[in-house]
Each structure stands twice: as C-alpha cells, then as structure tokens.
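In what follows, every chain begins at residue 1, and chains take the letters A, B, ... in the order their sequences are listed.
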Amino acid sequence: NAGVTQTPKFQVLKTGQSMTLQCAQDMNHNSMYWYRQDPGMGLRLIYYSASEGTTDKGEVPNGYNVSRLNKREFSLRLESAAPSQTSVYFCASSEPYGRASNTEAFFGQGTRLTVV
Amino acid sequence: AQKITQTQPGMFVQEKEAVTLDCTYDTSDPSYGLFWYKQPSSGEMIFLIYQGSYDQQNATEGRYSLNFQKARKSANLVISASQLGDSAMYFCAMREGQIGSNYKLTFGKGTLLTVNP
C-alpha cells in the first residue's frame, strides 16, 4: 500500500522554467492538498481539492496552478518558476471531516525544489 | 493573528525523561480538531495524535499524550520516556469547520526537539 506518492523527489529549475509536480494517492480519499514548507514557516496550504472536479485556493496560491485529474491524482504546476518558489512541496490526502472522528491527513514524502 | 502558535523553536531533553511541547490555537469555530505531526530529518510527515474539540478526555497514543485545555486554547504534546528516535521537528496543526466541511490543516511553525543521550 503506497499511500501518497509524489514525483519527482528532487528538482532544480532555472528561473522562468515551468514544471509540474505529480501526486497520486491509493487510499480512495476525496480530498487532496498541496503544501509548501519553508524554514521557520511551518507548512502553508497552496491549493486544495475537496473532491474530484473541484479546486480552491489556499493561503499562498500565487504563481501556482493545480489540476485534479481524477480521484487519485492532483498535480501542481509552476508556470514560470521564481527563486521565491524554492521550497519543499508536500502533497496530502484525507477524507473530509465527518467521515470519521479522526480524519488525519496522509502526506507524501515531499519534493525538494530549487529555483536558481 | 496566527491560528497556531508554537513558542518553542527548539527544545532539549535527556533520554528517558518526559518533555512537553507547547501549542496554542486561535479559533472562533466551536468544532475543530487538533493534530500533532512529527517530521524526522528524513523529511516525511508522521501523524502522532488527534484531539477533537468535543472530546471529553485528553487523547493518548502510546508514549504520546495531548494536554488539552480548551478554555486556555492550548493543546500541548507530552512525550514520556523520551528516546533518541524522538529527535525531530514537531508540528501542531488545526482543522476548523463543521461536520461535512472540507478538511484543511493550518500548521504552526514547529518545534525542533533534540533528545540527548
């Protein structure tokens, strides 16, 4: 059981390049999320998808786009990478609150992105 | 205002001793959940423990317990009998909203725990 799988694990981009971070989960969860982690900042929500076919902005959406391709997959795209987007990116999935009393989010292993 | 505040950037504890990691939160929603995650140096996020706002008793999971003081809006993590493998970054997080609402976690900035032998 893989859980949440992110690709790639590491990436170096030049300023202005584009790329897509891929995320897939095999837990049949409805909700999926993209977070970024910066030193001293904790994890901040970029975008989320409550269910297949819907996406919404989180706390720091500027410079990113997302696609909920199907129930399993949620991708994050950087159209024109900037050095400020150097970060560790985490994908997560969960059931919406109410399905169970303990609805923790399950995280992928992270993608370390450097923009030079 | 920050929704989750972790005031201890770093903490040190001796092996086999107990340690408390502080977390305070800010919400006006009567329905919320509080989570603690562990992030070792390898980078993965590991769920530790959960406390719901309507739970009457403090949550416990093995060596982890959550000291939930609702009136003070605090949800401190207590680790008993610390082990070297407990050295990691610890994040407190909160989910707000009524049943059926979407699930979004707001994280604190974390506390780096170092367990000394």
Side-chain angles (χ1 to χ4, degrees), chain A residues 2-6 9-10 25 27 29-61 68 87-113, chain B residues 2-10 21 23 25 29-57 59-61 64 66 89-112:
Chain A
V4 180
T5 303
Q6 291 181 234
K9 292 185 180 179
F10 302 94
Q25 53 93 7
M27 293 172 285
H29 286 161
N30 284 295
S31 301
M32 298 185 72
Y33 314 85
W34 277 104
Y35 288 88
R36 62 176 288 173
Q37 182 180 17
D38 302 294
M41 298 295 291
L43 279 77
R44 293 181 293 170
L45 184 65
I46 305 171
Y47 270 93
Y48 66 98
S49 171
S51 60
E52 185 178 354
T54 68
T55 60
D56 284 286
K57 295 178 181 179
E59 182 185 354
V60 288
R68 183 73 183 267
S87 188
V88 179
Y89 291 85
F90 285 96
C91 178
S93 72
S94 74
E95 284 299 332
Y97 171 54
R99 299 289 178 88
S101 62
N102 182 1
T103 51
E104 80 266 27
F106 294 82
F107 285 81
Q109 75 274 36
T111 296
R112 188 172 294 275
L113 175 68
Chain B
Q2 288 188 34
K3 290 201 170 187
I4 295 287
T5 302
Q6 294 181 253
T7 58
Q8 307 153 315
L21 306 184
C23 173
Y25 58 92
D29 199 318
S31 177
Y32 55 90
L34 296 154
F35 300 76
W36 279 90
Y37 281 83
K38 172 184 178 182
Q39 186 180 43
S41 58
S42 53
E44 71 267 32
M45 296 290 289
I46 302 168
F47 166 72
L48 295 178
I49 196 167
Y50 165 83
Q51 180 85 43
S53 60
Y54 297 117
D55 294 344
Q56 295 296 312
Q57 293 188 329
T60 60
E61 289 286 348
Y64 304 108
L66 203 152
M89 183 71 82
Y90 289 81
F91 291 100
C92 179
M94 177 173 65
R95 180 263 306 140
E96 300 169 278
Q98 298 297 317
I99 289 177
S101 66
N102 186 43
Y103 179 101
K104 293 185 291 179
L105 282 175
T106 302
F107 284 82
K109 295 183 178 182
T111 296
L112 182 61

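- Annotation: side chain to side chain donor-acceptor pair (under 3.5 Å) contacts of B:Ser42 (sequence neighbours excluded): B:Glu44.
- Annotation: A:Phe106 is not in aromatic contact with B:Phe47 [ring centroid separation under 6.0 Å not met].
- Remark: A:Leu43 CG to B:Thr106 OG1 distance equals 11.0 Å, nearest 0.5 Å.
- By number of non-hydrogen pairs under 4.5 angstrom with chain B, the leading residue of A:Gln37, A:Met41, A:Arg44, A:Arg112 is A:Gln37.
- With values rounded to the nearest 0.5 angstrom, B:Leu105 atom CG is found 6.0 Å from A:Phe107 atom CZ.
- Of the two parts of A:Glu59, neither the backbone nor the side chain holds a non-hydrogen atom closer than 4.5 Å to a non-hydrogen atom of chain B.
- With rounding to the nearest 0.5 angstrom, the CG atom of B:Leu48 is 10.5 Å from the CD atom of A:Glu104.
- Without hydrogens or angle criteria, A:Tyr35 side chain to B:Phe107 main chain gives no donor-acceptor distance under 3.5 Å.
- Contacts between B:Gln39 and chain A at a heavy-atom distance below 4.5 Å involve the side chain alone, from C-beta outward.
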